[in-house]
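Here is the structure we will look at, set down as structure tokens.
Excluded from the calculations below are hydrogen atoms, water molecules and symmetry mates; all remaining heavy atoms, backbone and side chain alike, are included. Sequence positions, counted from 1, serve as the residue numbers for this chain.
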Amino acid sequence: DTLKKLFPWSFKNKTMKDLIVSILIYMAINIVGGFVLALLSIIPLIGFVFSLLGGLLGIYSLAGVILASLHFFGLLKD
């Protein structure tokens, strides 16, 4: 139940098209968020915080893609 709240797009895939859309959404989150956080990481005193957030965002996106794939192939129950 907690996974469904944290990764909402991972559990909505029933067809291959839905899986691809889920993966593209997580990729877009990673690219756009990473770009914004990379720009903010230039700030001298708090840049390291944004660098850490960028790493966490990458981990979130990777976990979302893995969960979407597992759910699509039936290895993860609803």
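Closest heavy-atom contact between Lys4 and Phe11: CG-CD1, 3.8 Å.
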Under 3.5 Å, which donor-acceptor pairs do the side chains of residues 68-76 form with other protein atoms, sequence neighbours left out?
from	atom 1	to	atom 2	distance (Å)
Ser69	OG	Val65	O	3.0
His71	ND1	Asn13	OD1	2.8
His71	NE2	Asp78	OD1	2.5

Tell me which donor-acceptor pairs under 3.5 Å the side chains of residues 43-60 have, and how far apart each pair is, sequence neighbours excluded?
from	atom 1	to	atom 2	distance (Å)
Ser51	OG	Gly47	O	3.2
Tyr60	OH	Leu6	O	2.8

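Grouping the Ile, Leu, Val, Met, Phe, Trp and Tyr side chains by contacts below 4.5 angstrom, directly or via other members, places Phe35 apart from Leu40. Hydrophobic clustering places Ile29 together with Leu24 (ILVMFWY residues linked when any side-chain heavy atoms are closer than 4.5 Å, directly or through intermediates).
Within the structure, the side-chain hydrogen bond (donor to acceptor under 3.5 Å, both in side chains) test picks out the following pairs touching residues 24-41 (sequence neighbours left out): Ser10-Tyr26.
For the side-chain contact (heavy atoms from CB on, under 4.5 Å) test with Val21, the passing option among Leu19, Ile23, Ile25 is Ile25; the others fail.
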